[in-house]
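A quick write-up on the structure given underneath.
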Amino acid sequence: MGQLDGYRKVGTGQNVFEAEPVEGPLKWLETPQDVIDFVNGDDVEETIVLSRGGTTTFMAPALSSGALGLITLQGGPQSHLGIVSREFGIPCVMSVAFTEGVELPTGETVPADGSIVRLESTTTPNADVYVKEG
Amino acid sequence: MGEAEDAAAAFQPFLEQYLAEVPGGAAGDRKIRERITTPFMDITAEDVRLDSLTDEQIDGWQQYAAWNLWELIANRSTEGESGLIPRQEYETCAFVQHWSVYPRIMRTITEAIGVDGVIELGRTAHREVGTKLNVTRNWATPMVAMLGRGIVAKLGLEEPGARREDLEEVIKFARRLQFGTWGEGCGFVSGRGFVSPALDADVLARLAVDLDPLADPDVRKAFRRFNGATELFGFLLHYDNRAAMCDTGPYPQEDGGFIIVRDHILHERAYEWGACAEGLPYAVTEILSFKPGTDPLEVTINDISTTFTKPADYLKHLDAVAVYARDEQETPMEGLRRLGPDEQLAIAKQCSTTMLSLYQTIADKDRDQKIKDGVQVYAYEMIMPIAQRAGVWDDVKPQVDELSELTLQAWPTLCGGGAAEVLPPVFLLGEGFPLLSKVSS
């Protein structure tokens, strides 16, 4: 888990399963309506989504619609979301503690929406999350 | 570090080992056994029929159950918040309801069908797939009631030594179901090497004929989609719990490979929102065949019938499958229907479409209604399949439906922020299982 040229490491989390790295714009999902709007929009399959909890049901439409990758701020690989992301084969890194980004009203730090994020999900138990520079 | 980080760091050893002393897995099973003087989690043909239990037997079972629960939960203890369903709130309220009514219902069931009848219900896992009367219930039915006991003690609503006879009933009932499934020996999957090969060989052999190979990448992709869509829909239909899924196995095969048998329940009519699943079979069952390979999988199944592997992406190693539908809950095993690729595709599509509409339906409900729905699901799921088969569900359902005085007392605290505080000590620190030797009645 070293450095990548052109990217900045912004966090590490628990990786659900070993998968090829994925890279795409990030979208923070706070509410069920955010999730519904997201799956009704464009670019679902090119987008990495980020949620607070590690529960399956909140992210269910994103899983079903084939989001490119999942990041959570809470939860572990044996949580419901971990189990189901594995079934769909969607890379999922959980309980990521971000070191930089924007601060949410609830106090958590996350990369800004639209940042190009890379899940280096090739390793378990942990995997790094990068933001593309520039 | 801030206060929250300090607290998290202090708690970390308790996530890594039970009471920061006993590990998980097979090593933990061995170590916890060294601490239990009366290993009542182990069952014999004689003691499964006991009418009354000693304090030592009850405490021995509880000591093992406390470690077992930690083992199961620790890795997902920080599952965290759901933006859709207030899961911790409904879960904790339901536990109290379980403790309030399950012991009485267990007595009713035993009176109706006898001890042998309860053992026979536990045998269902040998002969049937696509049923909720499975290994998960062996574990969950007693465990949820025990957790309710722990929560009401934690909240000071009941003395932990109170209702000893109900505690005894729960353990007797659990052991009879477990004995029906496994016979003599440990009643918990964690004490059986974390494998759960419940099906009889002749039943598996009938299901595992003419398996469909997955060599074609498109066929593999379509099956993966079917598996994911049906599992996800089952989760949502059951308000984010595993009541809809059950894996058994691994079943070793002559060629060195193995089979996992997986159920996903898709159409539960007990719930008002279950009508959305009209047209879907009651359950689908997947026969998942893995060939021996150069990169062998290490497979474990836990007490709530979930498969974990190393490496984790086990579906990459899947070699062939067969998929069946149990169209109605009452469909006999002989009536199971093989599903071809076209029907699998249609079911996956319906699950995905219906999941989106159900998601919107749930999102539109207010928080209180979501908690009530969740309590109903949890309160039904761990006893309904057993009571239905025993022929007493219609009689006992009103007891499950009507929230007990104890549940109503606990509700404001648990739904007002208390659930998140109560769950960690109850789930992870053994406080869900007050030992009789340490409490006064």
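Proteins get letters first, then strands, A, B, ... in listed order; numbering begins at 1 in each.
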query: Would B/I85 and A/F58 satisfy side chain to side chain contact (heavy atoms under 4.5 Å, CB included), going step by step from the backbone distance to the final call?
result: CA-CA 8 Å; B/I85 294 172; A/F58 177 69; over 6 Å; no
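B/R242 approaches A/Q78 most closely through the heavy-atom pair NH2-O, 3.2 Å. Counting all heavy atoms, side chain and backbone alike, B/A312 lies closest to A/F17 at CB-CB, 3.6 Å. Minimum interatomic distance between A/E18 and B/D313 (heavy atoms only, all atoms of both residues): OE1-N, 4.4 Å.
When heavy atoms are compared at a cutoff of 4.5 Å, B/L236 approaches chain A by way of both its backbone and its side chain. Heavy atoms closer than 4.5 Å to chain A are found in the side chain of B/Y314, but not in its backbone.
Identified under the salt bridge (Lys or Arg N to Asp or Glu O under 4.0 Å) test for residues 71-88 of chain A, with sequence neighbours left out: A/E87-B/R262. Counting only residues at least two apart or in different chains, salt bridge (Lys or Arg N to Asp or Glu O under 4.0 Å) contacts with residues 94-105 of chain A comprise A/R8-A/E100.
Side chains of A/T57 and B/Y359 form no contact here, defined as non-hydrogen atoms less than 4.5 Å apart.
For a heavy-atom cut-off of 4.5 Å, chain B lies close to A/V39 in residues 37-50 of chain A. The stretch residues 62-72 of chain A places A/L63, A/S64 near chain B, each with some heavy atom under 4.5 Å from a heavy atom of that chain.
Annotation: maximal heavy-atom pairing with chain A below 4.5 Å, among B/P311, B/A363, B/C351, occurs at B/P311. Top candidate by heavy-atom pairs under 4.5 Å with chain A, chosen from B/K221, B/E231, B/R224, is B/R224. With chain A as the partner, the residue from B/Q360, B/K316, B/K310 showing the most heavy-atom pairs under 4.5 Å is B/Q360. Taking chain B as the reference chain and counting heavy-atom pairs below 4.5 Å, the highest number among A/G89, A/P32, A/A19, A/G82 is found for A/P32.
The side chain to side chain contact (heavy atoms under 4.5 Å, CB included) test with A/H80 singles out one residue from B/L232, B/D240, B/T306, and that residue is B/D240.
The 12-atom threshold is not exceeded at CD of A/E20, counting heavy atoms of other residues, nucleotides or ligands nearer than 6.0 Å. Counting heavy-atom neighbours within 6.0 Å of A/E30 CD, excluding the residue itself, gives a total above 12.
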